[in-house]
Every structure is written in structure tokens, then in C-alpha cells.
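Heads up: the structure comes next, in C-alpha cells.
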Amino acid sequence: MILILEPNTSPESPDYRTLAGQLDRLPGIQYRVHREVGAEVTLTEIYLIGNTAALTVEQMQVLPSVQKVVRVSEAYRVLGRHQQGDDRPASFDYNGVRFGQDTLNVFAGLCAVDSPESAGMMMQALQRHGQVCTRMGAYKPRTNPYAFQGFGAKCLPYVFELAGKYGIRVIAMEVTHESHVDEIRAALKSTGNPTGIMLQIGTRNTQNFELLKLVGKQQEFPVLIKRGFGITLDESLNAAEYLASEGNRKVVFGLRGMKTNMGDPHRNFVDFSHVPVVKRLTRMPVCIDPSHSVGTRAIAPDGILDIFHVVAQGVVAGANMVLVDFHPDPAKALVDGPQALLLSELPHFLEDVAVAREAYVKRAALAASHRPH
Ligand code: PEP
Ligand code: MN
């Protein structure tokens, strides 16, 4: 059960103290307070845990400072979309960019940063086409221990400076260890915070619970968590909930294909039909990653790359973010060259995404017009 308090309720106020005193006296109930400090209002939610079945909504509704009571299902308490008037927001803002179940942001960029030149060329192309988000991998978890592992902290200063130079506001960057978050924070500080970072939890770390807790405890950076490639959707959504249960609700959920031999001829079995499913079950914006799911530059007889086709499928179904590998010279890319799109393909790609988005917006309007009043 969640108690949503009146906006700007101060923890020092007499009403709040009375409320806390009453909650303390409820038998078999513990609670956790989540405070979201915004520019204009501070919102407070109190999560009741334990024998909440014994409590009624009416009984809690009359407690001081309580604006609203939401009875939640057991799953995905914070991020879930619950019944009974759960109109909590399905969006957040970060560094001037809005991420929601109703927006669409493209994160085209390098799978792995391999030189200042390719990072610069990538970002320059993005700026030329009006893009303010990108992906830049510095820490690469690789299947083969002898494969290039990413430049790590070494490349961060120039990546962040270039981002500032080319007007990039958010970079999606995978982290696999607590120290990576510290290194990112330090490099942002030393370069004068020229950009923002969305921490990425990769598919291999979806159930690295200690990492999830650490990344969830900080609220400075939003998080993109990828679906685990060999676990159920429920298990992956619970992994996302780990982040939120620790306090970070700026979470985007990423579909990136599932490991199955039936996925051939793609690297993974594309799972973008789950875009509306995740939006129905949770309030997270949903990202699709066509590069790590398709994994090749294969092209259909209609002249459209498989990667473009699956992006369109995801966007037509309402995807909110597209994470996609590009490279100025894929043959020389140190990671995932075969799936990278060319910089010359960026305008075509963005136009194709816009066509699919327009189709989605029309479909949503059509559905609204047919909904019984
Ligand atoms: C990536 O996006 O660079 C990546 C490694 O993706 P995934 O974790 O989905 O394999
Ligand atoms: Mn990759």
C-alpha cells in the first residue's frame, strides 16, 4: 500500500509527526519513505510493507497529510502500474530531456569508444541532425576475456568534453561496477559537467543485485536497465524494481532480444512485441536496442536493413527510446562493427524512425476515437 502525501509535506510538520506516530503503532507494518525533491514541489510517498491486507484504504485515507492511498499488487510496487486510480507519473526529466511513456528519444552512437576521432565524428553528425542523446561505451563486458574491454576511465574526459562541444545532453553508458559510477562522477566534475549520463545496466548484469542496489541508491543519474537475455520478463522487471526500491525511479527498461537458437538468423530473438506489455505492467519508458538484437547489417529485398525494420516495429508499437550502434568506420570498430550503421545512414535512419513514430501517434489517436465513452 502506498500513501501519497499532500505536496510539500514537511517531515518536521506536526501533521507528519502525528502520521508517523500512527504508522509506528500499526501492528505488523513497516514503512519506507520516498521523497522526490523537485524544483517546485517535493512529493512524499510512504510505502507500507507487511500485513497491509489488514488495513483499509478508507482507514488510511483519513490520516493527516495523506492525499491519496493506492493499494498495490505485490509485484513492482514502485514502478508498477497499479489499479485503483494509480495516476503517478510515467515520465521524468533529466538534463533538459524528457523520458516518458509518451516520448521518443533516439540514442545513436558508438557501441564502444575507440578513439577521440570516432567519438567526435559521431557527435558532430548527431548535432548536425538535431540529436542531443547518444550512446558511448567505455566499460565493455565481453564474452571473451581477451577481447577489447573498453578504454574505461581513460576515455571519459574527452568523451564528456566532446559531448559539451556538440550539445549532447545525455550519454547512455554501461557500468558493471560501483567504481565506474565514481569514475564517471569524477570525470564529469573535472570537465565541468558538460553533459549528462544515463547509466546502463547490460543484459549480463540484469540480476547483479548488488550492482542494482548501488545504482539504485544514487539519484543523480537515471538508469537504463536491459532485459536479461535468458530470464523471464517478470524477472527482468523485478530487477528494474530493485533500482526503484532503493530510491532511483528514473528508470528506462530496455528490450534487446532474447538468447534462443530460434533467433537465427539474428543474433538474438527480437522481442519488441513486448513494448506495449512493459508499458501496461509498469510506468517505465521502454527502450528498444535493434543493434544487439539483430546483430547484422542484413538487408531485405525491399532495400531496408533488418535493423531499420525492427526499429520501425518497436516504434510503431510505442517504444520510447532507441539505442542503436553507429560507427564512422565499422570495419575498424573494436566492438560490434558488423552491426553498426554508417554515419551516412543517420539521416535516413532518423527519417525512418519519424515515419514509424507518426504511424504510432495516428494509431493511438485511432484507438482513442474508437474507445467507448
Ligand atoms: C550494449 O548496449 O553495448 C550492450 C552490451 O548491450 P547488451 O547488454 O544488451 O548486450
Ligand atoms: Mn555492443
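FYI, the numbering just counts along the sequence from 1. Read the numbers this way: they start at 1 and go in the same order the structure lists the ligands and their atoms.
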*Would the Phe308 and His348 ring centres measure less than 6.0 Å apart?*
yes
*Between Asp352, Leu305, Ile307, Leu350, which is the residue that forms a side chain to side chain contact (heavy atoms under 4.5 Å, CB included) with Glu345?*
Leu305
_Check: Phe151 ring centroid to Tyr139 ring centroid under 6.0 Å_ = no
*Among side-chain atoms of Thr232 and Glu235, is any donor-acceptor pair under 3.5 angstrom?*
yes
*Under 4.0 Å from a heavy atom of Gly202: give me the atoms of ligand 1 that qualify, with their elements.*
8 (O)
*Test: Arg227 cationic atom under 6.0 Å from Phe269 six-membered ring centre, within 45° of axis*: no
*Identify, for atom 4 (C) of ligand 1, the protein heavy atom at the shortest distance, and state residue, atom and that distance.*
His292 NE2, 3.5 Å
_Considering Lys259, Glu174, Arg256, Lys226 one by one, which has a heavy atom nearer to atom 5 (C) of ligand 1 than any of the others?_
Glu174
*Hey, looking at atom 8 (O) of ligand 1, which of Thr203, Thr206, Ile225 has the closest heavy atom?*
Thr203
*Relative to the heavy atoms of Gln200, which atoms of ligand 1 are at a distance of less than 4.0 Å?*
1 (C), 2 (O)
*Between Phe209 and Tyr242, is the gap from one ring center to the other below 6.0 Å?*
yes
_Which residue and atom name correspond to the protein heavy atom nearest atom 3 (O) of ligand 1, and how close is it?_
Arg135 NH2, 2.6 Å
*For the Mn ion (ligand 2), find the closest N/O/S atom belonging to His292 and write down its atom name.*
NE2
*State the atom name: nearest N, O or S atom of Asp336 to the Mn ion (ligand 2).*
OD2
